[in-house]
Amino acid sequence: MAHPHALINPAMLRWARGRVGLDVSEAAIAVGVKPEQFQRWEEGDSQPTFRQAQQVANALHAPFGYFFLNEAPAEEPVLPDLRTVGGAPAGKPSVDLTETVQHAMQRQAWFVEYLQDQGAQPLPFVGRFNTSANVVKVAQDIRTVLKVDVEQGQRSWETYYRELIEAAERAGVLVMRSGIVGNNTRRKLDVGEFRGFAICHPLAPVVFINSADAPSARLFTLLHELAHIWLGSSGISNVAPGGTRREEIASNAIAGEFLAPTDIFAKLWAVGAQDLAVRVAELTHSFHVSRFVVIRRALDLGLVSQATYSAFYRAELDAFRTEEGGGGSFYRNAGAKNSARFARAVIAEAFSGRLLLRDAGRLLGVQPSKIRDFAGQLGA
């Protein structure tokens with residue numbers, strides 16, 4: 001029996017392929033057909049079967065229904081793009097990045113409505129400062145709100161990172177972390193494209209950290225994105241040194257000042273060992289932050305060159321990718337991806353009967369039948 005053909009719009013097929021940045025051969029491989037076959041579909045000389053068209057939609061990360069439209073829908077940038085490459089604006093965000101931002105915004109929208117029903121008040125620190133504010137004052141205000149001291153050897157940087165996330169969530173910020181799109185482990189987020197983003201809102205600001213980055217670099221990104229919230233500035237960041245955007249310059253400076261205050265850092269650097277690696281290790285121990293944060297701070301204060309910093313960061317990221325093993329616990333990853341604060345609210349609403357388990361599962365990216373297990377792992 002012949003399989004029915006899908007009367008797709010060839011122009012929409014070309015649009016979907018271009019949207020993910022693949023050439024005809026790459027798209028054909030992703031779908032599992034010969035390049036000549038894919039080319040004929042694009043030129044309208046033949047049509048795929050419905051099954052093939054669905055495979056194309058999955059491979060190109062496009063909604064199946066889009067292939068039958070007369071023209072492509074307008075895809076507006078969902079957040080200000082603050083990324084720079086060599087001082088110039090970065091290219092158009094990928095589909096993976098766009099979808100990740102959209103997922104975060106959907107969760108935020110639900111949480112805002114939830115908080116409004118609870119009669120929540122705006123968070124006073126969101127947008128409390130602007131980009132011309134005194135960096136030391138902003139860093140101190142973040143410390144005050146999070147109720148944390150200057151780090152000078154009290155804990156390891158892994159513990160510090162975890163405690164800062166917990167403190168930010170207690171203060172009202174949703175901190176989301178993932179290195180993949182949704183639950184799709186084959187769609188890894190590209191660190192070269194972005195390191196994080198911030199979505200300001202007076203009730204439920206969101207900070208997203210790209211977990212595909214080296215763990216030592218994530219601490220800086222966390223503070224960079226929190227600085228965005230204090231500045232009232234939403235945007236996608238690659239936390240690039242030497243960026244030209246005012247929001248990025250200010251956020252980098254605030255993050256550095258928070259993690260390693262200028263006056264203390266400069267004194268310790270001046271009396272450190274001659275050998276750079278030893279000196280970095282000494283300051284790592286003094287502040288109990290990572291080597292990455294120390295070298296990044298030295299760069300921002302003009303104490304090392306851009307080339308030294310870049311080589312250092314590349315070595316850290318390569319070491320992380322070499323060590324990276326299994327994906328860890330699904331439930332722990334789901335908690336990080338959603339923000340523990342958000343996940344607990346969704347679970348509470350589901351257990352109270354005010355939210356269907358099906359809808360809770362969709363919000364959390366967890367099977368409805370597994371929500372009780374997830375709640376147990378989360379301590380909700």
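By the rule that hydrophobic residues join a cluster once side-chain heavy atoms approach within less than 4.5 Å of another member, Leu7 and Val31 end up as members of separate clusters. Clustering ILVMFWY residues whenever any of their side-chain heavy atoms sit less than 4.5 angstrom apart, transitively, puts Val145 in a cluster other than the one holding Val136. Placement of Val95 and Ile29 in two distinct hydrophobic clusters is found when ILVMFWY residues are connected by side-chain heavy-atom separations under 4.5 Å, directly or transitively. Grouping the Ile, Leu, Val, Met, Phe, Trp and Tyr side chains by contacts below 4.5 angstrom, directly or via other members, places Leu356 apart from Phe111.
Looking at Gln106 and Gln102, their side chains never bring a donor and an acceptor atom within 3.5 Å of each other. Asn130 and Ser132 are linked by a side-chain donor-acceptor pair at a separation below 3.5 angstrom, with hydrogens and angles left out of the test.
Partners of Gln54 under the side-chain contact (heavy atoms from CB on, under 4.5 Å) rule, at least two apart in sequence or in another chain, are Phe64. Applying the side chain to side chain donor-acceptor pair (under 3.5 Å) test to Thr131 and every residue at least two apart in sequence or in another chain returns Arg246. Take Thr185 and apply the side-chain contact (heavy atoms from CB on, under 4.5 Å) test, not counting sequence neighbours, and it matches Ile180. In this view, Ala277 and Asp275 satisfy the side-chain contact (heavy atoms from CB on, under 4.5 Å) rule, not counting sequence neighbours. For the salt bridge (charged side-chain N to carboxylate O under 4.0 Å, His left out) test, residues two or more places apart in sequence or in another chain that qualify with Glu349 are Arg354. In this view, Ala273 and Val278, Glu282 satisfy the side-chain contact (heavy atoms from CB on, under 4.5 Å) rule, not counting sequence neighbours. Residues that satisfy the ring pair (Phe, Tyr, Trp, His ring centres under 6.0 Å) test with Trp269, not counting sequence neighbours, are Phe265. Listed by chain and residue number, Trp41 satisfy the ring pair (Phe, Tyr, Trp, His ring centres under 6.0 Å) test with Phe38 (two or more places apart in sequence, or in another chain). The side chain to side chain donor-acceptor pair (under 3.5 Å) test applied to Glu247 returns no partner, not counting sequence neighbours.
A donor-acceptor pair is defined here as one N or O able to donate and one able to accept, closer than 3.5 Å; no such pair exists between the side chain of Thr308 and the backbone of Val304. Between the side chain of Gln47 and the backbone N or O of Ile8 there is no donor-acceptor pair closer than 3.5 Å. Formation of a donor-acceptor pair under 3.5 Å by the His228 side chain with backbone atoms of Ser233 is found in this model. Under the 3.5 Å distance criterion, the side-chain polar atoms of Gln108 are matched with a main-chain donor or acceptor of Ala204. Using modelled atom types, one side-chain atom of Gln52 and one backbone atom of Thr49 make a donor-acceptor pair closer than 3.5 Å. With hydrogens and angles ignored, the 3.5 Å screen pairs a side-chain donor or acceptor of Ser211 with a backbone N or O of Ser178. Listed for the Glu169 side chain is a donor-acceptor partner under 3.5 Å among the backbone atoms of Ala340. Using modelled atom types, one side-chain atom of Arg297 and one backbone atom of Gly256 make a donor-acceptor pair closer than 3.5 Å. The closest donor-acceptor contact from the side chain of Asn9 to the backbone of Leu69 lies under 3.5 Å.
How far CG of Asn252 is from OG of Ser237: 8.0 Å, rounded to the nearest 0.5 Å.
Residue pairs satisfying the ring pair (Phe, Tyr, Trp, His ring centres under 6.0 Å) criterion with at least one member in residues 115-141, sequence neighbours excluded, are listed as follows: Phe125-Trp230. Evaluation of the ring pair (Phe, Tyr, Trp, His ring centres under 6.0 Å) test over residues 181-207, restricted to residues two or more places apart or in two chains, returns Phe197-Phe208. Among residue pairs with one or both ends in residues 217-238, none qualify as salt bridge (charged side-chain N to carboxylate O under 4.0 Å, His left out); sequence neighbours excluded.
Classification of the Phe342-Trp110 ring pair by plane angle, with boundaries at 30° and 60°, yields perpendicular.
Each of Arg14, Arg17, Gln37 was compared with Glu42 under the side-chain hydrogen bond (donor to acceptor under 3.5 Å, both in side chains) criterion, and only Arg17 meets it.
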| said: Working note: Tyr313 + Asp318, criterion side chain to side chain donor-acceptor pair (under 3.5 Å); need CA distance, chi angles, decisive distance, verdict. | reply: CA-CA 9 Å; Tyr313 170 65; Asp318 288 347; over 6 Å; no
